[in-house]
Amino acid sequence: MQRTLVKDALNSTGPIDTILLQGWVRTRRDAKAFSFIELNDGSCLKGMQVIVDATLPDYAAVNRANTGASVSVRGKLVESKGGGQKWEVIAETFAVLGEADTDYPLQKKGHTMEFLREIAHLRPRSNLFGAVFRVRSRLAYAVHQFFQERNFHYVHTPIVTASDAEGAGDMFRVTTLDLANPPKTENGEIDNAEDFFGKKTFLTVSGQLEAEIFACALSNVYTFGPTFRAENSHTSRHASEFWMIEPEVAFCDLQGDMDLAEDFVKYLIRDIREQCAGDLEFFSKFVDKDLLTRLDFVLEKPFVRCSYTEAVEILEQSGKTWEHPVAWGDNLQSEHERYLTEEHFKCPVTVYNYPRAIKAFYMRQTDGCAPGRETVAAMDLLVPGIGEIIGGSQREERLDKLKAGMALHHLDEKNYWWYLDLRRYGSVPHAGFGLGFERMLMFVTGVANIRDVIPFARTPGTAEF
RNA sequence: UGCCCGGUAGCUCAGUGGCAGAGCAGGUGACUGUUAAUCACUUGGUCGCUGGUUCGAUCCCAGCCCGGGCAGCCA
């Protein structure tokens, strides 16, 4: 007999004579003549109430159906006599497939997120994490849907790379050399030519440069994959391994880039709002009371756009005392970004045209800047509660300017020969951005810590699962 | 990496320089179309580790380990 998912059974339009449900026991309440069992199979937040009558030949098994046990139930789907649920299942056969010892750590009552992180192998069975990871799955689907609907092509950029990309952060080394006894050159230095790839290799920090290659061939592309940063960051919004979405668009300028970013973020929110309504309701009840109003607000209002120079003026005139001083030429600090999006504009803000000196070498120099006020066509999208969720730019398509940018950042042209070639052969204006997938997921669910939106989070010192 | 907070029962936490506490979970029994059921009884401790101060340390001090927050780095 075909198994029915709890989700489908709960959505049934009428009673069903025989139905097979399989899942895990959330709670059991025994009465004299029968037992109530709440069965959850992860297909949705809610479970199905199962009633096992004491006269049933299988009733002895109920005793072993503790919280956490896996069970298989065949029976009738009928309208519930009790309040609290529309449908329930009257069991005809009942079997425990896998018992759960009484030390099953997931209790029916309050756990801290910190404790649940330590049982990452069991936490998906909790209401909260079940919901988080269903939303994560749907959000990934929506990412592809957004780009595929717009004729973007999905490019798989390498995970192991020899280029340190943009200096986006410290990198994890990839090697097969014997660390205890590495081959040495005549100078006594480690001989990287002997390594697996014949040179030093790392885990990628960004697929952007490779995505640019494909944008300069397929026009509209995006990457969506894992990225790695070996930064010793201890914050609620940084992970050593995270997923990033990086669209790259040929024949596109900064304006188009900002438009795309705004459309993208709104599309994702709208999709989750519609497709994961039950899970979002749960988050708004137990995680973040303002979640739904904030998401709806973001959908309705156009994002504010504000140049870096204007932002600096706003911060200077705010009357606030800053822990980090505000000055044109310095990076905006977290407290500044938070003020802009949470207090001043009270909505998502795209800040653009940042000082050239503090941004990456590949960003396009703005023409006609006042001396000492040189900027590049960079943009950051800031959202309330999280801060930076997107960072992007129009790329420098002019060979001489790109070389100047590399010189400014003390980069060796030899390492970027293929990147420079893109400007030699049919160069076009192009732009793109990176969206932190987990940060978007935090925004959409209201979950405050990035470790709780990744199935198995990697942070400094932690890789248990 | 810097600053700050925490570590006591399986979980969430209280507490004290002098016999280690509660709620929940677990166990036993009762009761009930129950809803994180309810009621009664009950098991359960290396008070993070190491050292120091003290007649006596879970409590005070130092070092270390672990968890968390904020900042920097960024997505």
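Labels below follow one simple rule: chain letters A, B, ... track the order of the sequence lines, proteins then strands, and each chain is numbered from 1.
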N/O donor to acceptor pairs below 3.5 angstrom from side-chain atoms of residues 46-65 of chain A, sequence neighbours left out:
unit_1	atom_1	unit_2	atom_2	d
A:Gln49	NE2	A:Glu88	OE1	3.1
A:Asp53	OD1	A:Thr55	N	3.0
A:Asp53	OD1	A:Thr55	OG1	2.6
A:Asp58	OD2	A:Phe94	N	2.8
A:Tyr59	OH	A:Ser35	OG	2.7
A:Arg64	NH1	A:Glu99	OE2	2.8

Figure out the OH/P separation between A:Tyr354 and B:C74, and round it to whole Å.
11 Å
Can you check nucleotides 8-10 of chain B for protein contacts, nitrogen or oxygen pairs under 3.5 Å, and list what you find?
unit_1	atom_1	unit_2	atom_2	d
B:G10	N2	A:Gln107	OE1	3.0
B:G10	N2	A:Gln107	NE2	2.8
B:G10	N3	A:Gln107	NE2	3.2

Please list, chain by chain and in numerical order, all residues satisfying side chain to side chain contact (heavy atoms under 4.5 Å, CB included) with [X], sequence neighbours excluded.
X: A:Asp101; value: A:Asp103
X: A:Thr462; value: A:Thr459
X: A:Ser240; value: A:Phe172, A:Arg458, A:Pro460
X: A:Ile314; value: A:Cys306, A:Tyr339, A:Leu340, A:His344, A:Phe345

Looking for any heavy atom pair under 4.0 Å, which part of the strands does A:Arg117 touch: base, sugar-phosphate only, or nothing?
sugar-phosphate
Which nucleotide, [options], lies nearest any side-chain atom of [X]?
X: A:Ser236; options: B:G33, B:A75, B:G69; result: B:G69
X: A:Arg237; options: B:G33, B:G69, B:G72; result: B:G72
X: A:Glu388; options: B:C13, B:C74, B:G68; result: B:C74
X: A:Glu114; options: B:G68, B:U34, B:A71; result: B:G68
X: A:Asn331; options: B:A37, B:U34, B:C74; result: B:C74

RNA chain B contacts made by residues 47-55 of chain A, counting heavy atoms under 4.0 Å:
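Contacting residues: A:Gln49, A:Ile51.
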Any N/O pairs under 3.5 Å between the protein and nucleotides 1-6 of chain B? List them or say none.
unit_1	atom_1	unit_2	atom_2	d
B:U1	OP1	A:Asn232	ND2	2.0
B:U1	O4	A:Asn232	O	3.1

A:Asp259: partners by salt bridge (charged side-chain N to carboxylate O under 4.0 Å, His left out), with sequence neighbours left out:
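Listed in chain order: A:Arg305.
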Per-pair distances, 0.1 Å, donor-acceptor, side chain in residues 448-456 of chain A, under 3.5 Å, sequence neighbours excluded:
unit_1	atom_1	unit_2	atom_2	d
A:Asn449	OD1	A:Arg451	N	2.9
A:Asp452	OD1	A:Arg117	NE	2.8
A:Asp452	OD1	A:Arg123	NH1	3.2
A:Asp452	OD2	A:Arg117	NH2	2.7

Counting primed atoms plus P, OP1 and OP2 as sugar-phosphate and everything else as base, spell out the protein contacts along nucleotides 39-45 of chain B at 4.0 Å heavy-atom distance: B, S or - for each nucleotide, 5' to 3'.
-------
In residues 8-19 of chain A, what donor-acceptor pairs under 3.5 Å come from side-chain atoms, sequence neighbours left out?
unit_1	atom_1	unit_2	atom_2	d
A:Asn11	ND2	A:Lys7	O	3.3
A:Ser12	OG	A:Gly14	N	3.3
A:Ser12	OG	A:Gly14	O	2.6

